[in-house]
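Here is the structure we will look at, set down as structure tokens.
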Amino acid sequence: MFNLLAFTIAIHGLSAAIWVGGMFFAYICLRPSLGSLEPPRRLQLWGQVFRRFFAWVWVIAAVLPLSGNFLVVGIYGGFANVALYIHIMNGVGWIMIVLFAVLYFIPYRRFKIAVGSQDWPTAAKYLNTIRQIVATNLALGLIVIGIAASGRYWG
Ligand code: HEM
């Protein structure tokens with residue numbers, strides 16, 4: 001029989017895996033592999049990668065808190081009853097979402113404009129800011145997944 005809570009937790013966990021796994025791949029595997037490309041080619045390629053990946057992250061930035069809050073209400077009867085690890089997940093999750101929104105509307109928007117006008121030094125500058133924010137979100141995301149997956153055994 002269809003179980004809405006089980007379905008929601010599957011969607012929630014898959015969303016976390018796609019977001020954090022995507023950042024891991026981009027930062028740890030793709031970034032060092034593109035180092036030998038000329039700046040115009042490299043920056044245009046990052047532009048195409050970001051356009052596709054960030055569209056998914058917007059969906060996930062909606063799905064994670066919606067499904068998470070649904071689980072808190074459905075399983076635990078509200079935030080007053082939840083264990084510490086859920087509060088940590090909720091707090092760090094919102095920090096990650098806000099950081100992503102800042103990344104999207106400030107350095108990514110400026111990066112796109114610079115790539116569009118072939119201003120490679122400016123594009124490289126904003127790519128570096130994007131990199132720093134993604135590194136922060138990757139670290140937070142790995143910590144949250146570790147806490148979320150283990151929390152029921154200690155929280
Ligand atoms: C934004 C607010 C969020 C809320 C309210 C929330 C809430 C929850 C709740 C209630 C569960 C079920 C926990 C259990 O029954 O033991 C859960 C599981 C999980 N959450 Fe979140 N979450 C949020 C954000 C995140 C984020 C940002 C990530 C990772 C990037 C994440 C990763 C996970 C994972 C991997 C699980 C599965 C844990 C397991 O059962 O093995 N969550 N979340």
Side-chain angles (χ1 to χ4, degrees), residues 1-35 42-112 115 123-155:
M1 207 181 69
F2 180 72
N3 181 329
L4 185 58
L5 281 175
F7 177 77
T8 304
I9 205 163
I11 295 294
H12 187 85
L14 285 170
S15 302
I18 293 169
W19 188 7
V20 179
M23 290 192 291
F24 183 91
F25 170 76
Y27 200 94
I28 306 294
C29 304
L30 189 57
R31 182 170 172 266
S33 308
L34 301 186
R42 188 168 51 86
L43 292 159
Q44 282 170 332
L45 207 132
W46 274 119
Q48 291 172 20
V49 170
F50 290 152
R51 184 168 54 79
R52 292 183 172 86
F53 183 57
F54 291 166
W56 282 98
V57 178
W58 274 121
V59 175
I60 289 166
V63 168
L64 272 179
L66 282 174
S67 56
N69 278 277
F70 182 73
L71 290 168
V72 168
V73 172
I75 297 177
Y76 300 104
F79 272 98
N81 303 316
V82 300
L84 176 65
Y85 76 96
I86 310 256
H87 285 290
I88 297 174
M89 177 160 34
N90 187 38
V92 181
W94 277 110
I95 292 171
M96 290 175 65
I97 291 168
V98 168
L99 279 177
F100 171 69
V102 169
L103 174 162
Y104 191 89
F105 289 113
I106 302 175
Y108 175 57
R109 199 177 60 83
R110 293 177 183 165
F111 169 83
K112 272 192 301 186
V115 169
K125 184 179 115 187
Y126 289 118
L127 179 65
N128 192 45
T129 311
I130 294 170
R131 179 189 66 73
Q132 289 168 337
I133 299 176
V134 170
T136 307
N137 257 356
L138 172 58
L140 292 176
L142 290 172
I143 291 168
V144 171
I145 290 185
I147 287 174
S150 63
R152 73 182 59 189
Y153 304 103
W154 55 263

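Heavy-atom basis, side chains included; hydrogens, waters and symmetry copies ignored. Just so you know, ligand 1 is whichever comes first in the structure, and atom 1 is the first atom listed for that ligand. What you are looking at is a predicted structure, and each value in this text was computed from that prediction instead of being measured.
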- Query: Got more than 12 heavy atoms from elsewhere within 6.0 Å of CZ, F79?
  - Reply: yes
- Any donor-acceptor N/O pair, N69 side chain to P65 backbone, under 3.5 Å: yes
- Note the single closest protein heavy atom to atom 34 (C) of ligand 1, along with its residue, its atom name and the distance in Å. A148 CB, 3.5 Å
- Query: Which ligand 1 atoms are under 4.0 Å away from a heavy-atom of I9?
  - Reply: 12 (C)
- Here the atoms of ligand 1 under 4.0 Å from any heavy atom belonging to V144 are 26 (C), 28 (C), 29 (C), 31 (C)
- With a cut-off of 4.0 Å, which atoms of ligand 1 are near a heavy atom of V20? 30 (C)
- Indicate if the distance from atom 21 (Fe) of ligand 1 to the nearest N, O or S atom of M89 falls below 2.8 Å. yes
- H12, any N or O under 3.5 Å of ligand 1 N or O: yes
- Task: Examine Y76 against ligand 1 and note whether any of their N/O atoms are separated by less than 3.5 Å.
- Result: yes
- Specify the protein heavy atom at minimum distance from atom 29 (C) of ligand 1: its residue, its atom name, and the distance to 0.1 Å. A16 CB, 3.4 Å
- ligand 1 atoms in contact with R152 (distance to a heavy atom under 4.0 Å): 14 (C), 15 (O), 16 (O), 39 (C), 40 (O)
- Message: Any heavy atom of A149 closer to ligand 1 than 4.0 angstrom?
- Response: yes
- Between W19, F105, F53, Y108, which is the residue that forms a ring-ring contact (aromatic ring centres under 6.0 Å, His included) with W58? F105
- Query: Quick one: which ligand 1 atoms are inside 4.0 Å of a heavy atom on G93?
  - Reply: 27 (C)
- Of G68, A83, G141, the one whose closest heavy atom lies nearest atom 6 (C) of ligand 1 is G68
- Task: With heavy atoms under 4.0 Å as the rule, classify the contact between F70 and ligand 1 as side chain, backbone, both or neither.
- Result: neither
